[in-house]
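Here, residue 1 is the first one in the sequence, and each next residue gets the next number. No experiment lies behind these values; they were computed from the predicted model shown.
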Amino acid sequence: MKADIDIAREAKLELIRDVAKKLDIGEEELDLYGKYKAKLTDDLWERVKNNPDGKLILVTAINPTPAGEGKTTTTVGLGQAMDKIGKKAVIALREPSLGPCFGLKGGAAGGGYAQVVPMDELNLHFTGDFHAITSANNLLAAMLDNHIQQGNALHIDTKQIVWKRCVDMNDRVLRNITVGLGRKADGVTREDHFIITVASEIMAILCLAENMQDLKVRLGRIIVAYTYDGKPVTASELNAVGAMAALLKDAIRPNLIQTLEHTPAIVHGGPFANIAHGCNSLRATRMALKLADYTITEAGFGADLGAEKFLDIKCRIGGLTPDAVVLVATVRALKYNGGVPKERLSEENLDALKKGIVNLEKHMENIAKYGLPCIVTLNQFVSDTEAELSFVREFCEQRGCEFVLSQVWEQGGTGGIALAEKVVKMTEEKESDFHYLYDDKLSLRQKMETIAKEIYGAGEVLVDAEAKKQLARLEELGFGNLPVCMAKNQYSLSDDKSVLGRPENFPIHIREVYVSAGAGFVVAITGTIMTMPGLPKVPAAERIDVEDGGEITGLF
């Protein structure tokens, strides 16, 4: 089959104002970014905010492998299939980060005949949201250092600065740097750090803020440093909130684009799920729920990360109640979890499938802990054999879980009709009994242990000495009631990415804990996870180019 970018380039796009009409959005309620992209206006929200909510469907997956699972592809294909069976649907996705686009993963717009378009613009600068977030983050960093240089009236301890600069690119040499070198006028010399933009608290705040007023309140709560007396210093005390909000005034508004089959897609925000909370913006999801009968959304990486954070953080903060979960897997990825090397995944291997399917089983069990109806869908490959497909089907059905095959990569919406029909039937026949995994009243340590033991399958949580001090400080400062965002590698249920399948009774190591006070959660860094990724030996950037006519090549 053709490459994703070739399929996307050959597609005949509808004008975005015509796509908007499918959701009863008028042209005056759009701010156009060319012919095929638009920002949704606040006037639109004011008009629809009292509409009843449609059904909310979360698409998640098993732990990702090099074999691929097709979570975004399934999300897009399910939305297209909903259209084909006569349901008013909208897809709600995150924006791709430039880091993985030029690094290891490539683009993040779905695949095959289940893509959102314009694919190249979405994967690159899109509507500039990430650039605005980067600018707001680094403005706060500049104002912090300037305050210290200009006399340090807030008595900031330069050894206790916690605010980091950011850039939306994988650049490992920026993880640990020294700033302020040179003359006295060049600033105070100190150690500093960069994180990737999608891990910035500004990204999390943008994705959880209800409106501009709430955005400014949250920005003001950001803790940038501590004083010599150990008191937190906030962005509000640096008088940075107004300027940061000005940079974010357009970025806070959701974006509307379309799929290859012209299904509306609201794409907004993009926190990573391995180092942040992994969901598109609350504003985008709420808007989608008011505009359509079915909102199909996804959460990043496997269900141990994205789904857990969607359910325990985003739904808790935003008051959302999902109606069903679609759990995506592939035969190839399950065999990989069973020990088959990448180059032999096309061969039938029922023994490896039996070994690897325990990863899927764990995620099925985890979704059930939230009281949510679940459908397992296999993203089908041409190399899958009937024996393998039958084994997975029987495995799911024996455990009381719905199962359906998906062929959306090859067939677009047509290949997802069976899945769409099953989702509709499930939401009509089964009530969601949604509840959170843990109570707000638990201590931060107890919340971490609950996630690690219940979701990951860990036996114990080992907290480093420095992290223990950080935990005690956060509890003392009154942040103990916040939910916890676990930063963990995506490849394994454990904090060791090489351990596949379903490990049990392993230790989870917490090396650092800090609060994102504006976003409203506490972050726990596990294992060797990095908030600034690096490029692989052969980055995707080496394949990307632009032709004389302006067409981008090499994205996939």
Colleague: Which residue pairs pass the ring-ring contact (aromatic ring centres under 6.0 Å, His included) test with at least one member in residues 412-436, sequence neighbours excluded?
Modeller: F434-Y436
Colleague: Could you tell me if the side chain of E449 sits less than 4.5 Å from the side chain of L442, heavy atoms only?
Modeller: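 L442 does not reach E449 side chain to side chain.
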Colleague: So which heavy atom on A273 is nearest to which on G300, and how close?
Modeller: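 Answer, listing the atom of A273 first, then G300: CB-O, 3.4 Å.
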Colleague: Please determine whether salt bridge (Lys or Arg N to Asp or Glu O under 4.0 Å) holds for the pair R218 and D214, giving the CA-CA distance in whole Å, both sets of side-chain angles, and the decisive distance to 0.1 Å.
Modeller: CA-CA 6 Å; R218 290 175 178 275; D214 186 38; 3.1 Å; yes
Colleague: Return the set of residues passing side chain to side chain contact (heavy atoms under 4.5 Å, CB included) with P341 (not counting sequence neighbours), or none when no residue passes.
Modeller: E343, R344
Colleague: Could you list the residues that satisfy side chain to side chain contact (heavy atoms under 4.5 Å, CB included) with A276, not counting sequence neighbours?
Modeller: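 With neighbours one apart ignored, the set is P271.
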Colleague: Can a cation-pi geometry be assigned to R399 and F395, taking NZ or CZ under 6.0 Å from the six-membered ring centre and within 45° of the ring axis?
Modeller: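 Because its charged atom sits under 6.0 Å from the ring centre and within 45° of the axis, R399 does stack over F395.
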Colleague: Using the test salt bridge (Lys or Arg N to Asp or Glu O under 4.0 Å), find all partners of K290 that sit at least two apart in sequence or belong to another chain.
Modeller: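 Partners of K290 by the salt bridge (Lys or Arg N to Asp or Glu O under 4.0 Å) criterion, ordered by chain and then number, come out as D53.
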Colleague: R316 and D312: salt bridge (Lys or Arg N to Asp or Glu O under 4.0 Å), yes or no, with the steps?
Modeller: CA-CA 6 Å; R316 190 188 306 255; D312 282 320; 3.5 Å; yes
Colleague: Count the heavy atoms of every other residue, nucleotide or ligand shown that sit under 6.0 Å from NZ of K497, and state whether that count exceeds 12.
Modeller: no
Colleague: Would you name the heavy atoms of A114 and L260 that are closest together and state the gap between them?
Modeller: N-CD1, 4.2 Å
Colleague: Go through the structure and list residues passing salt bridge (Lys or Arg N to Asp or Glu O under 4.0 Å) with E365, not counting sequence neighbours.
Modeller: R502
Colleague: Which residue pairs pass the side-chain hydrogen bond (donor to acceptor under 3.5 Å, both in side chains) test when at least one of the two sits in residues 382-392, sequence neighbours left out?
Modeller: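 Residue pairs with at least one partner in residues 382-392: K335-E388, E348-T385, T385-E388, E386-S390.
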Colleague: Using a 6.0 Å distance limit plus a 45 degree cone around the ring axis, check whether K488 lies over the aromatic ring of Y456.
Modeller: yes
Colleague: Who are the salt bridge (Lys or Arg N to Asp or Glu O under 4.0 Å) partners of K447, not counting sequence neighbours?
Modeller: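 Partners of K447 by the salt bridge (Lys or Arg N to Asp or Glu O under 4.0 Å) criterion come out as none, since no residue qualifies.
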Colleague: Does Q407 have any side chain to side chain contact (heavy atoms under 4.5 Å, CB included) partners at least two apart in sequence or in another chain, and if so, which?
Modeller: Q380, Q411
Colleague: What verdict does the salt bridge (Lys or Arg N to Asp or Glu O under 4.0 Å) test give for D42 and R283, after you've listed the backbone C-alpha separation in whole Å, the side-chain angles of each residue and the deciding distance to 0.1 Å?
Modeller: CA-CA 10 Å; D42 291 337; R283 280 169 63 95; 3.0 Å; yes
Colleague: Report the C-alpha separation of L256 and Y36 in whole Å, then their side-chain angles, then the decisive distance to 0.1 Å, and conclude whether the side-chain contact (heavy atoms from CB on, under 4.5 Å) test is met.
Modeller: CA-CA 8 Å; L256 180 68; Y36 307 116; over 6 Å; no
Colleague: Can you pull the ring-ring contact (aromatic ring centres under 6.0 Å, His included) pairs that have at least one residue in residues 258-295, sequence neighbours excluded?
Modeller: H277-F521
Colleague: Nearest heavy-atom pair of T73 and G110: which atoms, and what distance?
Modeller: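 Scanning both residues completely, I find the closest heavy atoms to be OG1-C, 3.5 Å.
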Colleague: Write out all pairs satisfying salt bridge (charged side-chain N to carboxylate O under 4.0 Å, His left out) with one or both partners inside residues 404-422, taking only residues at least two apart or from two chains.
Modeller: E402-K422
Colleague: Residues two or more places apart in sequence or in another chain: which of them pass side chain to side chain contact (heavy atoms under 4.5 Å, CB included) with D293?
Modeller: K88
Colleague: Identify the two heavy atoms, one from T41 and one from E28, that lie closest to each other, and give their separation to 0.1 Å.
Modeller: CG2-O, 4.4 Å
Colleague: Could you report the tightest heavy-atom contact between L437 and I455, atom names first, then the distance?
Modeller: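 Residues L437 and I455, closest heavy atoms: CD2-CG1, 3.6 Å.
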Colleague: When rounded to the nearest 0.5 angstrom, what distance separates CE in M287 from CG in L23?
Modeller: 10.5 Å
Colleague: Assess the residue pair R253 and D250 against the criterion (salt bridge (Lys or Arg N to Asp or Glu O under 4.0 Å)); give the C-alpha distance rounded to whole Å, side-chain angles, the decisive distance to 0.1 Å, and a yes or no.
Modeller: CA-CA 6 Å; R253 293 187 291 139; D250 293 322; 3.0 Å; yes
Colleague: Just wondering, more than 12 heavy atoms not from Y491 lying within 6.0 Å of its OH?
Modeller: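 Not buried by this count: 12 neighbours or fewer within 6.0 Å.
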Colleague: Does R393 qualify as a cation-pi partner of F403, given the criterion of NZ or CZ under 6.0 Å from the six-membered ring centre and within 45 degrees of its axis?
Modeller: no
Colleague: Closest heavy-atom contact between P118 and I257?
Modeller: CD-CG2, 4.3 Å
Colleague: Among residues at least two apart in sequence or on other chains, which ones pass salt bridge (Lys or Arg N to Asp or Glu O under 4.0 Å) with K425?
Modeller: none
